[in-house]
A.B. asks: 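Quick one: this structure, given as structure tokens, is what I'll be asking you about.
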Amino acid sequence: MQNFTERALTIIKQIPAGRIMTYGQVAAAAGSPRAARQVTRILHSMSAKYNLPWHRIVNVQGRIALLDEESRSFQREMLQAEGVEVDSNDQIDLNRFRFDPEKDVHC
DNA sequence: GCCATGGCTAGTA
DNA sequence: GCCATGGCTAGTA
């Protein structure tokens, strides 16, 4: 069994283009439902090094969670380029674009 | 100590 | 707005 960070990395890398997950969803899928904050730390410190699709993670409300305006618009553009619809409030419809690893089990 | 959360509550309109 | 939460892939000795 790998540690939490390794499991989270695996899940993050599995999110297909054009889909999104929430921080808490990634944490739960990695086996630790309350470790959403840990997911932010992973994305913050390891995205560049491991080429993570960091832009495909949003908060539980389906909104872009980044702090400064510049990074937010960058994330918005990355998502839109993949076909994700992001409105003027950086809001995304979770019902349409959320990725659920459980439903993607292949035999 | 850090971190890009998330859930709950107080207090205003 | 407040604060409980949780795991530690960075950098020094």
Side-chain angles (χ1 to χ4, degrees):
Chain A
M1 192 51 142
Q2 336 158 54
N3 64 31
F4 176 83
T5 298
E6 288 170 337
R7 294 196 302 270
L9 286 173
T10 302
I11 288 151
I12 291 164
K13 286 190 271 189
Q14 280 173 350
I15 309 173
R19 308 297 297 281
I20 56 170
M21 285 183 79
T22 68
Y23 299 92
Q25 207 189 341
V26 172
S32 201
R34 283 178 291 184
R37 198 105 208 215
Q38 182 66 6
V39 175
T40 71
R41 202 195 114 269
I42 291 168
L43 292 176
H44 184 83
S45 59
M46 300 168 68
S47 280
K49 196 170 181 181
Y50 292 89
N51 273 324
L52 302 178
W54 56 269
H55 59 285
R56 307 212 262 251
I57 323 276
V58 297
N59 71 18
V60 74
Q61 296 148 128
R63 290 197 69 199
I64 290 175
L66 286 175
L67 305 168
D68 61 290
E69 179 56 41
E70 206 168 334
S71 312
R72 271 206 308 277
S73 36
F74 183 45
Q75 180 169 6
R76 184 167 54 236
E77 284 163 19
M78 302 264 310
L79 288 169
Q80 287 170 339
E82 297 180 350
V84 176
E85 289 174 29
V86 187
D87 77 9
S88 50
N89 291 319
D90 289 338
Q91 177 75 48
I92 298 156
D93 186 351
L94 285 173
N95 293 320
R96 295 179 57 199
F97 296 104
R98 186 204 292 270
F99 174 65
D100 184 356
E102 299 294 304
K103 290 181 182 169
D104 197 52
V105 191
H106 39 279
C107 20

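So you know, we letter chains A, B, ... as the sequences are listed, proteins then strands, and number each from 1. Note that the structure is predicted; figures quoted are calculated from it, not measured.
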A.B. asks: Can you pull out every ring-ring contact (aromatic ring centres under 6.0 Å, His included) where at least one residue sits in residues 56-88 of chain A? Sequence neighbours excluded, please.
C.D. replies: A/Trp54-A/Phe74

A.B. asks: May I ask whether A/Met46 and A/Ile15 are part of the same hydrophobic cluster, defined by side-chain heavy atoms of I, L, V, M, F, W, Y residues being less than 4.5 angstrom apart, directly or through others?
C.D. replies: yes

A.B. asks: For a quick test of reading the model, state the closest non-hydrogen atom pair linking A/Gly18 to A/Phe97 and the distance between them.
C.D. replies: O-CD2, 3.6 Å

A.B. asks: Take the protein atom CD1 of A/Ile42 and the nucleotide atom C1' of B/dA4, then report the distance between them rounded to whole Å.
C.D. replies: 12 Å

A.B. asks: Provide, to the nearest angstrom, the distance between the CD1 atom belonging to A/Ile15 and the P atom belonging to B/dA4.
C.D. replies: 18 Å

A.B. asks: Check this one for me: any side-chain N or O of A/Ser45 less than 4.0 Å away from OP1 or OP2 of B/dC2?
C.D. replies: no

A.B. asks: If you write DNA chain B from 5' to 3' in dot-bracket form, with Watson-Crick or G-U pairs under 3.5 Å, [ ] for crossing pairs and | for pairs with another strand, what do you get?
C.D. replies: |||.||||.....

A.B. asks: Tabulate below the donor-acceptor pairs under 3.5 Å that side-chain atoms of residues 20-28 of chain A make, not counting sequence neighbours, or state none.
C.D. replies:
{"from": "A/Thr22", "atom 1": "OG1", "to": "A/Gln25", "atom 2": "N", "distance (Å)": "3.1"}
{"from": "A/Gln25", "atom 1": "OE1", "to": "A/Thr22", "atom 2": "N", "distance (Å)": "3.2"}
{"from": "A/Gln25", "atom 1": "OE1", "to": "A/Arg98", "atom 2": "NH1", "distance (Å)": "3.1"}
{"from": "A/Gln25", "atom 1": "NE2", "to": "A/Phe99", "atom 2": "O", "distance (Å)": "2.8"}

A.B. asks: Tell me the closest heavy-atom pair linking A/Ile12 and A/Pro53, and the distance in Å.
C.D. replies: O-CG, 3.3 Å

A.B. asks: Do A/Glu6 side-chain atoms and A/Asn3 backbone N/O form a donor-acceptor pair below 3.5 Å?
C.D. replies: yes

A.B. asks: Applying side chain to side chain contact (heavy atoms under 4.5 Å, CB included), can you list everything that pairs with A/Arg72, at least two apart in sequence or on another chain?
C.D. replies: A/Ile64, A/Leu66, A/Glu69, A/Asp90

A.B. asks: Main chain of A/Ile57, side chain of A/Gln75: is a donor-acceptor contact present, judged purely on distance under 3.5 Å?
C.D. replies: yes

A.B. asks: Heavy-atom distance under 4.5 Å between the side chains of A/Thr10 and A/Gln2, does that happen here?
C.D. replies: yes

A.B. asks: For DNA chain C, whose closest nucleotide is more 5', that of A/Val39 or that of A/Tyr50?
C.D. replies: A/Val39

A.B. asks: Looking only at atom types and distance, does a side-chain atom of A/Ser73 sit under 3.5 Å from a main-chain N or O of A/Glu70, one as donor and one as acceptor?
C.D. replies: yes

A.B. asks: Which residues in residues 66-91 of chain A have a heavy atom closer than 4.0 Å to any atom of DNA chain B?
C.D. replies: A/Leu66, A/Leu67

A.B. asks: Looking at A/Leu94 and A/Gln61, what are the two nearest heavy atoms and their distance?
C.D. replies: CD1-C, 4.0 Å

A.B. asks: Strictly under 3.5 Å: I want the nitrogen or oxygen pairs between protein and nucleotides 5-9 of chain B, one per line.
C.D. replies:
{"from": "B/dT5", "atom 1": "N3", "to": "A/Arg37", "atom 2": "NH1", "distance (Å)": "3.4"}
{"from": "B/dT5", "atom 1": "O4", "to": "A/Arg37", "atom 2": "NH1", "distance (Å)": "2.7"}
{"from": "B/dG6", "atom 1": "OP1", "to": "A/Gly24", "atom 2": "N", "distance (Å)": "2.9"}
{"from": "B/dG6", "atom 1": "OP2", "to": "A/Val60", "atom 2": "N", "distance (Å)": "2.8"}

A.B. asks: Quick one: A/Ile12 CD1 to B/dA4 P, roughly how many Å, whole number?
C.D. replies: 14 Å

